[in-house]
Amino acid sequence: MTETQFTPRVFSGIQPSGNLHLGNYLGALKRFVDMQGEDYETIYCMVDLHAITVWQDPARLREKTREVCAGFIAAGLDPEQSILFNQSQVAEHTQLAWIFNCIARMGWMQRMTQFKDKAGKNAQNASLGLFAYPALMAADILTYHATHVPVGEDQKQHLELTRDIAIKFNHDYGVDFFPVTEPVIGGPAPRVMNLRDGSRKMSSSDPSDMTRINMTDDADAIAKKIRKAKTDPDALPSETNGLSERPEARNLVNIYAALSDLTAEQVLTEVGGKQFGEFKPMLAELAVSKLAPISTEMARLMGEEAEIDRILAKGAEKARTIAAPILQQTYEIVGMVGAKQG
Ligand code: AQP
């Protein structure tokens with residue numbers, strides 16, 4: 001099957017489980033905005049069903065869902081141009097996920113490194129949902145026949161699983177029905193690292209707030225976190241190969257590059273030879289100039305709860321018009337009596 005049979009369509013999502021952070025922004029959200037336009041139909045989702053694979057306080061989940069929606073819009077997603085909604089409101093995701101639970105193999109799921117990382121030593125006590133989550137993610141994508149999925153590098157393995165599920169479904173039923181989705185991973189910061197440990201990714205679940213820049217941080221907090229970010233005593237190199245053994249330095253250069261829409265090479269041409277004492281204030285100023293307008297607009301939108309809920313409801317309605325016929329066709333292919341329309 002070739003991708004060209006399918007309408008170019010982008011799908012991606014973010015969990016409303018914690019603070020939106022710079023990793024979510026540079027790895028995902030900024031790239032969602034870049035893909036919004038005439039070339040693709042764009043569908044972006046607050047994946048609340050994924051969030052509950054670990055315990056979520058209901059009131060906080062509601063608040064975070066609205067906050068992520070506000071973040072999407074504040075960052076530049078236009079609800080008239082892109083479909084914005086929360087996953088639980090389009091039942092086709094979970095309906096298709098069940099079919100995919102029956103396609104995915106246990107061996108495939110057991111290889112998922114994110115489950116191993118998140119469940120840690122306590123895997124017996126992890127929820128079944130946390131284990132099955134990548135099959136729901138495949139359904140999120142394929143219930144729209146999405147052809148492109150912009151994500152951070154940490155989601156690469158889940159997208160490979162999505163491709164395997166589509167290929168196995170098509171093969172088992174002898175159809176060319178699901179597209180083999182292209183991951184869109186790239187840019188200068190596909191994996192933003194923890195500010196205190198360059199070997200770990202920046203994450204909303206890290207207990208220390210100093211490890212990440214939140215989209216809601218004010219200028220002082222951003223400057224303080226960058227000032228205290230772990231670095232090394234050497235000056236910045238003039239070429240990227242000089243960063244290969246310096247994960248913290250590489251991370252800050254990549255963040256600078258992604259925020260300024262430059263490559264790391266271009267940034268080093270400008271800042272090579274500088275000490276961190278000089279580079280960190282430059283980075284803080286850049287981060288504040290890019291993030292402050294977004295956080296200000298997010299705060300304003302958070303005051304308009306009814307408007308956010310209206311946008312989400314309208315988005316879910318639009319999403320359902322794409323998802324429902326694809327689910328119906330899937331049921332027909334699989335052999336469910338009563339699925340055929342008319
Ligand atoms: N550090 C990161 N660098 C680049 N991209 C990142 N993403 C997340 N962290 C980074 C991307 O953001 C999108 C949404 O992620 P998610 O909310 O689905 O969950 P996550 O990957 O589990 O993100 P967190 O915030 O880091 O949460 P926990 O604490 O659960 O690990 C995805 O496209 C992801 O790649």
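Positions are given from 1, in the same order as the sequence printed here. Counting starts at 1 for both ligands and their atoms, following the listed order.
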Could you check Y133, F85, F100 and say which one makes a ring pair (Phe, Tyr, Trp, His ring centres under 6.0 Å) with H93?
F85
Closest to atom 2 (C) of ligand 1 among P183, G23, A189 (heavy-atom distance):
G23
Note: ligand 1 atoms sitting under 4.0 Å from heavy atoms of M202 are 1 (N), 2 (C), 9 (N), 26 (O)
Per-atom filter on ligand 1: closer than 4.0 angstrom to a heavy atom of G27 are 4 (C), 5 (N)
Any Lys/Arg nitrogen of R31 or D34 sitting under 4.0 Å from an Asp/Glu carboxylate oxygen of the other?
no
With a heavy-atom distance limit of 4.0 Å, tell me whether K118 approaches ligand 1 through its side chain, its backbone, both, or neither.
side chain
Pair Q87-D140, side-chain donor/acceptor within less than 3.5 Å
yes
To check your reading of the model: name the closest protein heavy atom to atom 12 (O) of ligand 1, its residue, and the distance in Å.
N24 ND2, 3.1 Å
Heavy atoms only, cut-off 4.0 Å: how does M193 contact ligand 1, side chain, backbone, both, or neither?
neither
Atom 17 (O) of ligand 1: which protein heavy atom is closest, and how many Å away?
Q15 N, 3.0 Å
Part of S12 with heavy atoms under 4.0 Å of ligand 1, whether side chain, backbone, both or neither:
neither
Can you confirm whether K224 is buried at NZ, in the sense that more than 12 heavy atoms of other residues, nucleotides or ligands lie under 6.0 Å from that atom?
no
Kindly assign one of parallel, tilted or perpendicular to the pair F177 and F169, based on the angle between their ring planes and the thresholds 30° and 60°.
tilted
For atom 27 (O) of ligand 1, what's the nearest protein heavy-atom neighbour? Residue, atom name and distance, please.
S204 OG, 3.1 Å
Give the residue and atom name of whichever protein heavy atom lies nearest to atom 35 (O) of ligand 1, and the separation in Å to one decimal.
D154 OD1, 2.5 Å
Is it true that Q36 and T42 share a donor-acceptor pair across their side chains at a distance under 3.5 Å?
no
Counting both backbone and side chain atoms, is some N or O of G152 under 3.5 Å from an N or O of ligand 1?
yes
Select one of side chain, backbone, both or neither to describe which atoms of R191 lie under 4.0 Å from any atom of ligand 1, heavy atoms only.
backbone
Going by the 4.0 angstrom heavy-atom rule, the piece of A28 near ligand 1 is side chain
Does even one non-hydrogen atom of P190 get within less than 4.0 Å of ligand 1?
yes
Aromatic ring pairing F279/Y256, orientation class (parallel under 30°, perpendicular over 60°, tilted between):
tilted
Whether K225 and D217 form a salt bridge (side-chain N of Lys/Arg under 4.0 Å from carboxylate O of Asp/Glu) is what I want to check.
yes
Please check whether K201 reaches ligand 1 - meaning an N/O of the residue sits under 3.5 Å from an N/O of the ligand, judged on distance alone.
yes
Cut-off 3.5 Å, side chains only: do T269 and Q266 have a donor facing an acceptor?
no
Please write down residue, atom name and distance for the protein heavy atom closest to atom 3 (N) of ligand 1.
V192 N, 2.8 Å
Can you tell me how far the CE atom of M109 sits from the CZ atom of R111, to the nearest 0.5 Å?
11.0 Å
Starting from atom 31 (O) of ligand 1, find the nearest protein heavy-atom neighbour and note its residue, name and distance.
S203 OG, 3.3 Å
Are any of the N or O atoms of H21 closer than 3.5 Å to those of ligand 1?
yes
Can E317 and K314 be counted as an ion pair, charged N to O under 4.0 angstrom?
no
Taking the basic N atoms (NZ, or NE/NH1/NH2) and the acidic carboxylate oxygens, is any pair closer than 4.0 Å for E67 and K64?
yes
Heavy atom of the protein closest to atom 29 (O) of ligand 1 (residue, atom name, distance):
S205 OG, 2.3 Å
